[in-house]
Novice: 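Pasting a structure below so you can have a look.
Whatever order the structure lists ligands and atoms in, that order sets their numbers, starting from 1. Note that this is a predicted model, so its numbers are computed, not measured.
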Amino acid sequence: MSEPTLFERIIAREIPADIVYEDERVIAFRDINPQAPMHILVCPKKPIPKVADAAAADDELLGYVLRKAGEIATAEGHGEGFRLVVNNGAPVGQTVFHIHVHVLGGRGFGWPPG
Ligand code: AMP
C-alpha cells in the first residue's frame with residue numbers, strides 16, 4: 001500500500017482543513033494557498049490519483065464532482081462566473097495525486113491560461 005495522500009488525510013480528519021461541503025462521495029475545502037478570492041478544492045473521496053487513471057466505473061462519480069463544484073461556486077456567490085481547473089500530472093503542476101477540481105472565482109481570469 002502506498003502512503004495516503006494529503007487529501008486522504010484531510011478526509012480522515014488527520015489534517016485540519018476549512019471544509020465547506022461534504023457528503024458520502026465528495027469533500028470540498030478551501031485551498032491553503034488561494035489563487036483567487038474563492039479557491040476551493042472539490043475531491044471525490046475515492047482516491048483516484050489523476051484524471052488519466054479514472055476508469056469507466058468512475059464516470060458517474062466524476063460527473064457528480066463536477067456538478068457539486070458548480071453548486072458550491074453558486075453557494076459561495078460566484079455562480080455567474082467561475083473557473084474549474086484540474087491538473088493532470090506533475091508536468092502541468094499537479095502536486096497532490098488525488099483527483100481534485102480547483103473552483104476559482106471572485107476575480108477576472110485570462111485566456112489562454114498560464
Ligand atoms: P494541484 O497542484 O493541482 O495538485 O493542487 C494542489 C492544491 O492543494 C494546491 O493549490 C495547494 O495550495 C493545495 N493544498 C496543499 N496543501 C493543502 C492543505 N493542507 N489544505 C488545503 N489545500 C492544500
Novice: Would you mind telling me if ligand 1 is within reach of the side chain of Val85, the backbone, both or neither, using heavy atoms under 4.0 Å?
Specialist: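 Within the 4.0 Å criterion, Val85 makes no contact with ligand 1.
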Novice: Using heavy atoms and a threshold below 4.0 Å, how should the contact between Ile32 and ligand 1 be classified: side chain, backbone, both, or neither?
Specialist: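 It is both backbone and side chain that touch ligand 1.
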Novice: Residues in salt bridge (charged side-chain N to carboxylate O under 4.0 Å, His left out) with Arg107, at least two apart?
Specialist: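 Not a single residue meets the salt bridge (charged side-chain N to carboxylate O under 4.0 Å, His left out) criterion with Arg107.
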Novice: Can you confirm whether or not the ring centre of His98 sits under 6.0 Å from the ring centre of His100?
Specialist: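 Aromatic pair excluded; centres sit 6.0 Å or further apart.
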Novice: At less than 4.0 angstrom from any non-hydrogen atom of Phe7, what atoms of ligand 1 do you find?
Specialist: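 By the 4.0 Å cutoff, the relevant atoms are 8 (O).
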Novice: Between Val96 and ligand 1, does any nitrogen or oxygen pair lie at a separation below 3.5 Å?
Specialist: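 So ligand 1 has an N or O lying under 3.5 Å from an N or O of Val96.
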Novice: Is it true that Lys45 and Glu24 make a salt bridge, defined as a side-chain N closer than 4.0 Å to a carboxylate O?
Specialist: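 Answer for the salt bridge query: no.
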Novice: Below 4.0 angstrom from a heavy atom of Asn33, which ligand 1 atoms are there? Numbered from 1 as shown, please.
Specialist: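 The list of qualifying atoms is 12 (O).
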Novice: When Ile, Leu, Val, Met, Phe, Trp and Tyr are grouped by side-chain heavy atoms lying under 4.5 Å apart, directly or through other members, which residues fall in the same group as Phe109?
Specialist: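 Other cluster members: Val85, Leu104.
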Novice: At a 4.0 Å threshold, what atoms of ligand 1 neighbour a non-hydrogen atom of Arg30?
Specialist: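 Taking each heavy atom of Arg30 in turn, ligand 1 has 21 (C) under 4.0 Å.
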Novice: What part of Phe97, side chain, backbone, both or neither, has a heavy atom within less than 4.0 angstrom of ligand 1?
Specialist: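 Looking at Phe97 and ligand 1, no heavy atom falls under 4.0 Å.
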Novice: For atom 5 (O) of ligand 1, which candidate among His39, Gln35, His100 provides the closest heavy atom?
Specialist: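 When every heavy atom of His39, Gln35, His100 is considered, His100 comes closest to atom 5 (O) of ligand 1.
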Novice: Is Gly93 in contact with ligand 1, taking contact as a heavy-atom separation below 4.0 Å?
Specialist: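 Checking ligand 1 against Gly93, which is what was asked, there is a heavy-atom contact under 4.0 Å.
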Novice: Are the side chain of Asn87 and the backbone of Thr95 linked by a donor-acceptor contact shorter than 3.5 Å?
Specialist: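 Here the side-chain-to-backbone pair does not exist.
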Novice: Any donor-acceptor pair under 3.5 Å linking the side chain of Asp31 with the backbone of His39?
Specialist: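 Flag not set: sc Asp31 to bb His39 has no pair under 3.5 Å.
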Novice: Identify the closest protein heavy atom to atom 12 (O) of ligand 1: which residue and atom is it, and at what distance?
Specialist: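 That would be Asp31 OD1, 2.5 Å.
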Novice: What closest approach, in Å, do Phe7 and Cys43 show between heavy atoms, and which atom pair accounts for it?
Specialist: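 Nearest pair, atom of Phe7 first, then Cys43: CD1-SG, 3.7 Å.
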Novice: Please check if Ile99 and Ile27 belong to a single hydrophobic cluster, counting links between Ile, Leu, Val, Met, Phe, Trp and Tyr side chain heavy atoms closer than 4.5 Å.
Specialist: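 No, Ile99 and Ile27 fall in different hydrophobic clusters.
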Novice: Could you find the nearest protein heavy atom to atom 15 (C) of ligand 1 and give me its residue, atom name and distance?
Specialist: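 Result: Leu6 CD2, 3.7 Å.
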Novice: Could you tell me whether Gln94 and ligand 1 have an N or O pair separated by under 3.5 Å?
Specialist: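 No - when backbone and side-chain N and O of Gln94 are compared with those of ligand 1, no distance drops under 3.5 Å.
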Novice: Using only atom types and a distance under 3.5 Å, with no angle test, would you say the side chain of Gln94 pairs donor to acceptor with the backbone of Val92?
Specialist: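 Flag not set: sc Gln94 to bb Val92 has no pair under 3.5 Å.
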Novice: For Leu41, which part has a heavy atom under 4.0 Å from ligand 1: side chain, backbone, both, or neither?
Specialist: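 For Leu41, only side-chain atoms sit under 4.0 Å from ligand 1.
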Novice: Atom 4 (O) of ligand 1: which protein heavy atom is closest, and how many Å away?
Specialist: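 Minimum-distance protein heavy atom for atom 4 (O) of ligand 1 reads Thr95 N, 2.7 Å.
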